[in-house]
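This one's a predicted model, so the numbers in the text were calculated from it and none came from an experiment.
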Amino acid sequence: MREDQIEAATAPLRDDIRFLGAILGETIRDHEGPEVFDLIERVRVEAFRVRRSEVERSAVADMLRDTEIDVAIPLIRAFSHFLLLANLSEDLQRDRRRTVHQAAGEPPQDSSLAATYRKLDSAPPDGATVAELLADALMSPVITAHPTETRRRTVFDVQSRITELMRMRQRYSATEPEYAELETRLRRQVLTLWRTALIRLARLRIQDEIEVGLRYYDMSLLEVIPRINAEVRDALRSRWPDRELLTRPILRPGSWIGGDRDGNPNVTGEVVRRATHRAGAVAFGHYLKELVGLEKSLSQSARLVQVSPELARLADAGYDESPQRADEPYRRAIRGIRARLTATTKRAVGEIPGEGVDVGAQPYAGPGELLDDLTVVDASMRASGDGLLADDRLAALRGAVETFGFHLQGLDMRQNSETHEQVVAELFAWAGVHSDYASLPEPERVRLLAAELGTRRPLLGPTARLSELAVKELGVVRAAKAALDDLGPDTVPNYIISMCTSVSDLLEAALLLKEAGILDPGDAQTPPSSPVGVVPLFETIDDLRHGAETLVAALEVPAYHRLVVARGMQQEVMLGYSDSNKDGGYLAANWALYRAELDLVEAARKTGIRLRLFHGRGGTVGRGGGRSYDAILAQPAGAVRGSLRLTEQGEVISTKYADRGTAYRNLEALVAGTLESTLLDVEGLGAEAEPAYELFEELAELARRAYARLVHDTPGFVEYFRASTPIAEVADLNLGSRPASRKPTSSVSDLRAIPWVMAWSQSRVMLPGWYGTGTAIEQWVGDDPGRLATLSRLYQQWPFFRTVISNLAQVMAKADMDIAARYAELVEDESLREHILGMIRDEFDRTVRMHAAVTGSDQLLADNPALAESIRNRFPYLEPLNQLQVDLLRRRRAGDTTELVERGILLTMNGLATALRNSG
C-alpha cells in the first residue's frame with residue numbers, strides 16, 4: 001500500500017485519537033491545572049520528536065528525571081489514559097474497516113466460517129470420514145483466573161461506554177445537534193475515567209474472580225455460543241445430509257476459576273461449590289428470563305391455531321388457571337415449564353431468581369427433560385405453520401439449554417502432582433496400605449494404586465484424622481462430587497495434573513476421585529465409570545518429550561485402561577506453554593510442543609484412544625499467545641480431529657468476549673480453525689515432513705543451548721533479572737488471587753510464568769518471546785545459501801514455522817533495546833550489567849537479521865500492518881511511562897518507600913500493560 005493510501009485509510013483512526021485526546025487534555029487542564037497540562041504536552045511533543053528521530057532519547061529522560069512525585073502521578077495517569085483511549089480508537093477502526101469491506105462485497109479480513117466452508121466445498125471430504133472425525137467434536141475455550149488483566153472492572157465499564165458513544169458519533173456530522181449532545185456525554189465519561197483510580201487497593205479475592213468470569217456470559221457468551229453452534233450444525237448437515245453430524249454442540253465453554261488450586265491456597269471445597277453453583281444460577285436465571293419473554297410473546301389463541309396433543313397436555317399441566325389465558329395454550333405451557341425450572345433451580349442452587357414461579361412443581365431431573373418440553377412447544381408451532389416464530393426466541397433458548405445444560409460451563413480441577421503424592425501417602429498410611437508410600441519406587445507405587453483402583457472399598461472411615469492439607473484436598477474433590485450431583489455430569493469434566501511425569505501421577509488423581517465417590521471402579525458385572533476424566537499436563541520440555549511414553553505406560557495398566565474404555569476411549573492431554581518456554585526458550589518450547597503432539601498422535605493411533613489436546617496458552621507469545629486461528633492451523637496432522645480445548649487468560653478474555661460482535665468473530669475463528677485442521681490438509685509438508693522435523697530438532701536444540709547459556713548458565717543472571725525489571729513490584733499489582741511464585745524462593749524455575757513474562761515486557765526486552773532463535777538460525781544456516789533457501793521455503797509452506805516466525809516478529813516489534821538499557825542501569829554491578837545486556841542486544845540484532853533473511857522482508861511486521869499501525873500510534877506514549885518507571889524504581893530501591901512512589905510504579909506498570917495490550 002502506498003504512503004498516501006495508508007494516510008487515507010488511517011485518517012479516521014487519527015481523528016478519533018485526536019478527538020478523544022483533546023477531550024482528555026481539556027479534562028486534565030480543568031481539573032489538574034494549566035501547569036500540569038503544559039508539562040504533559042511538552043513531554044508528549046518531545047516523545048513524538050524522539051519517535052521521528054529529531055532529538056536524542058535522553059531528551060525525555062532529562063525532562064522527567066527527579067520529577068516531584070505529586071507531579072509524576074498525574075503525568076503517569078495522563079499517558080496511561082491516552083493509551084487506553086488509543087486502544088479504544090483502534091478497536092473502532094477495526095470495526096470500521098470490517099464494515100467497509102462488507103459493504104463493498106469483499107470477504108472479511110478476519111478468518112471466518114464462510115471462508116472455511118468455501119475451502120470444504122472446493123474439495124469436499126467423504127461423508128463417512130467427516131462423521132468419524134467429528135464424532136466427538138468439541139471446541140472449548142476455557143476461561144482461567146490467571147492474573148494478567150490489569151484493568152479494574154470499573155475502568156473497563158467506563159471504556160465500554162465511551163466505545164459505544166464513539167460508535168454513535170460516527171453517525172452524525174459536527175453540525176448536527178445530536179453531535180453536541182454526544183460530545184457532552186463523552187466528556188462526562190472521560191471525566192469519570194480521570195476521576196477513577198486505575199489500580200486496585202487490594203488483591204482480588206477468588207470470589208471476585210468467579211463473578212468477573214461469569215459476567216462474560218451476560219455480555220456475549222449466552223447469546224453468541226448457541227448461535228454459532230446452530231449455524232455450524234446446519235451448515236455441515238446441509239453439506240452432508242445423509243449424516244447426523246454434531247449431535248452435541250461443538251462450542252462448549254469451560255473454566256478454571258475456582259477449580260485451579262495449583263499454587264493457589266485460596267481454592268477450597270467451599271470455593272468449588274461457589275464456582276459451580278453460581279455458574280448454574282447464571283444458566284437458570286437466563287433460561288427463566290427467556291421463558292418470561294416467551295410467555296409474553298407466544299400469545300397464539302386456540303381459537304386461531306391448532307396445537308398438538310402433547311402441547312395441550314403440557315398446557316393443562318402448566319399451573320396456570322387464569323381464565324384470561326384459557327385459550328392461550330402456549331402461554332400456559334411456558335408457565336408450566338417456568339414452574340418446573342423454578343423448582344429445579346431451588347433444588348440445585350438453593351435460590352429462586354426473580355423470574356421464578358414457586359408453586360411446588362416437580363423439578364426436572366436434568367436438562368434433557370427441559371429440552372423435551374421445549375421440543376414439544378417447537379414441534380406444535382411448526383406443525384401449525386408458526387415455524388417463523390419458533391425460529392426466534394424459542395430456538396435460541398433450546399440452543400442455550402443444549403449448550404449450557406444446568407451447569408453453564410465445565411469447571412476443571414487442577415492440582416500439582418507433588419500435592420497428590422503427599423495426600424495419597426497420608427491416605428495409605430492411615431488405611432494401613434503402606435506406611436511410607438513416598439519412598440516406594442515407581443513400579444511398586446503403580447501396583448499399589450492399581451490394586452486400590454480395582455476395588456470400591458474407600459480408604460477412609462468417618463473417624464479418620466488427617467493433616468490440614470489432606471482434609472482440604474479431599475474437601476475439594478468432595479465438593480466436586482456434590483456439584484456433579486446437583487448440576488449434572490458435565491459440571492466438572494476434568495481433573496488436571498500439573499507437572500505430570502509418571503504413571504503414578506495419573507493413578508493418584510484417579511484414586512482421589514474414587515475416594516470422593518466420583519470414580520466407580522465397577523465390578524464383575526458393572527464396568528467402571530467416571531464423569532471426570534484424568535488429564536496429564538506436560539509442562540517442561542523434558543516432560544513434553546516423554547509425554548507420549550507416559551501416556552502409553554498408563555494405558556498398559558488394566559485399571560486405568562478400563563476407565564478410559566468406559567469413557568469411550570477418550571483421553572485428554574494438556575500441553576503447557578508457559579513453563580516449557582521458561583524452561584527452554586521460545587523456539588525450543590514451540591518445537592517441544594509440536595514434537596509432543598506428533599508423538600501423542602502416534603500413541604493414540606497405536607493404542608486406539610481418541611486423543612483430545614488441551615492447549616494451555618497465555619495471552620503473550622512467550623506463554624503461547626498469538627492469533628488462535630493461526631495457532632490451530634499450525635498443529636500437526638491428526639492433532640485436532642474435531643476436538644480441541646484452549647485456555648483464555650487475562651486481558652485476552654475481555655478483548656475477545658466483552659462485546660457480542662467481537663465474541664462472535666473470535667469464537668467463529670476458533671471453530672473455523674478446528675474444522676479446517678480436522679477436515680483439510682493444512683500442514684502442507686507432504687513428503688517433506690520428516691526432513692522438516694529433523695531440521696527443527698537441530699534448530700530447537702541450538703536455540704535451547706543459546707537460551708540456557710543466558711538464563712541458566714550465566715552467573716548473576718537472576719540478579720540482573722531482578723534488578724533490571726520490576727519483578728519484585730509485579731507481586732504488588734493486585735492482579736488476582738494467585739501468589740507470584742509457587743514457592744517462597746528466588747529461583748527462576750519456581751517463579752510463575754506470568755510475572756516472568758510481565759517483568760520482561762515492562763522493561764521492553766520481551767525476552768521470552770524471541771531469545772535464542774537468532775543464534776539457532778544463524779548457526780544452522782552457516783555459510784550455506786541452500787540451507788537458508790530451505791528455511792525460506794518452509795516459512796512459506798509450513799503453517800507451524802510461519803506462525804512461530806510471525807509471533808516472534810510481533811514480540812520483537814514491541815521490544816526496545818534502548819529502553820532496556822535504561823532499565824539495565826538499575827543493575828549496580830557494572831560488569832554484570834554490560835555483560836548480560838550485551839548478550840541480549842547481540843541476540844536481538846541477530847534475530848532481526850535472521851528474520852529478514854528467512855522472510856525476505858526487513859520489516860518485522862510486513863505481514864501484520866494493523867499491529868504496525870498500532871505501534872506507530874501508541875509507542876510515543878510509552879516513552880514517558882518507561883522513563884518514569886525507571887526513575888521511580890531507582891528511588892524505591894534507594895530507600896524511598898513512600899506510598900506515592902509505590903503507587904507511581906504500579907501506575908506505570910498498569911499503563912505499560914495497557915499499551916502493550918498484554919501483561920503476561
Side-chain angles (χ1 to χ4, degrees), residues 1-34 36-38 40-45 47-48 51-52 74 77-106 108-110 154-196 658-662 665 865-866 869-870 872-874 876-877 914:
M1 186 180 286
R2 298 194 315 270
E3 190 67 30
D4 60 328
Q5 292 175 314
I6 294 174
E7 285 292 312
T10 59
L13 170 62
R14 294 195 305 277
D15 176 67
D16 285 346
I17 292 175
R18 279 195 296 265
F19 175 76
L20 289 171
I23 291 177
L24 177 62
E26 291 167 17
T27 301
I28 294 170
R29 184 182 56 201
D30 292 345
H31 293 85
E32 302 299 327
V36 170
F37 172 77
D38 290 344
I40 292 168
E41 275 298 289
R42 290 200 305 274
V43 173
R44 185 184 68 82
V45 169
F48 272 87
R51 190 194 73 175
R52 296 191 295 265
R77 294 183 68 241
F79 285 101
S80 296
H81 284 306
F82 274 129
L83 289 160
L84 188 148
L85 295 173
N87 286 352
L88 183 155
S89 300
E90 287 178 5
D91 293 341
L92 287 169
Q93 175 77 345
R94 275 194 289 272
D95 289 345
R96 192 182 290 119
R97 282 176 174 168
R98 193 175 293 108
T99 301
V100 169
H101 279 279
Q102 290 171 347
E106 300 175 15
Q109 291 178 311
D110 296 340
T154 302
V155 173
F156 180 80
D157 289 342
V158 176
Q159 186 179 0
S160 297
R161 289 193 290 271
I162 294 173
T163 298
E164 187 55 38
L165 289 169
M166 288 293 288
R167 287 195 179 112
M168 295 171 64
R169 174 178 175 262
Q170 295 172 11
R171 304 171 195 164
Y172 302 106
S173 69
T175 59
E176 294 179 86
E178 293 87 350
Y179 185 93
E181 171 61 22
L182 274 173
E183 183 171 336
T184 300
R185 293 168 66 186
L186 277 162
R187 288 180 182 278
R188 288 194 188 104
Q189 294 303 321
V190 172
L191 175 58
T192 300
L193 192 64
W194 182 251
R195 293 299 204 188
T196 300
D659 171 83
R660 287 180 176 85
T662 54
R665 288 188 291 274
E869 178 184 308
S870 172
R872 283 194 300 271
N873 290 329
R874 73 183 53 242
Y877 298 113
T914 297

Look up atom CG in Asp659 and atom CG in Asp91, then write down how far apart they are to the nearest 0.5 Å. 9.0 Å
Nearest 0.5 Å please: distance from the CD1 atom of Ile162 over to the CG atom of Asp157. 11.5 Å
Report the distance from atom OG1 of Thr196 to atom NE2 of His81, rounding to the nearest 0.5 Å. 7.5 Å
With a 4.5 Å heavy-atom cut-off, do Val158 and Arg161 have their side chains touching? yes
Exactly one candidate in Glu90, Met166, Gln93 meets side chain to side chain contact (heavy atoms under 4.5 Å, CB included) with Asp16; the answer is Met166
Nearest 0.5 Å please: distance from the CD1 atom of Ile28 over to the CG atom of Asp38. 11.5 Å
Run Glu26 and Arg187 through side-chain contact (heavy atoms from CB on, under 4.5 Å) and show every step you take. CA-CA 9 Å; Glu26 291 167 17; Arg187 288 180 182 278; 2.6 Å; yes
Interatomic distance, Gln189 atom CD to Leu20 atom CG [nearest 0.5 angstrom]: 12.0 Å
So, do Arg171 and Glu178 sit near enough that their side-chain heavy atoms are less than 4.5 Å apart? no
Atom pair OG1 (Thr27) and CG (Leu191), whose distance is rounded to the nearest 0.5 Å: 6.0 Å
Closest heavy-atom pair, Ala78 versus Leu24, reported as atoms and distance to 0.1 Å, is O-CD2, 3.9 Å
Heavy-atom closest pair, residues Pro876 and Ala47: O-CB, 3.2 Å
What I'd like to find out is whether the side chain of Ile40 reaches to under 4.5 Å of the side chain of Phe79, using heavy atoms alone. yes
Are Ile17 and Leu13 packed together at the side-chain level, in the sense that at least one heavy-atom pair is separated by less than 4.5 angstrom? yes
Testing the basics here: between Tyr172 and Met168, what is the closest heavy-atom pair and its distance to 0.1 Å? CD1-O, 3.4 Å
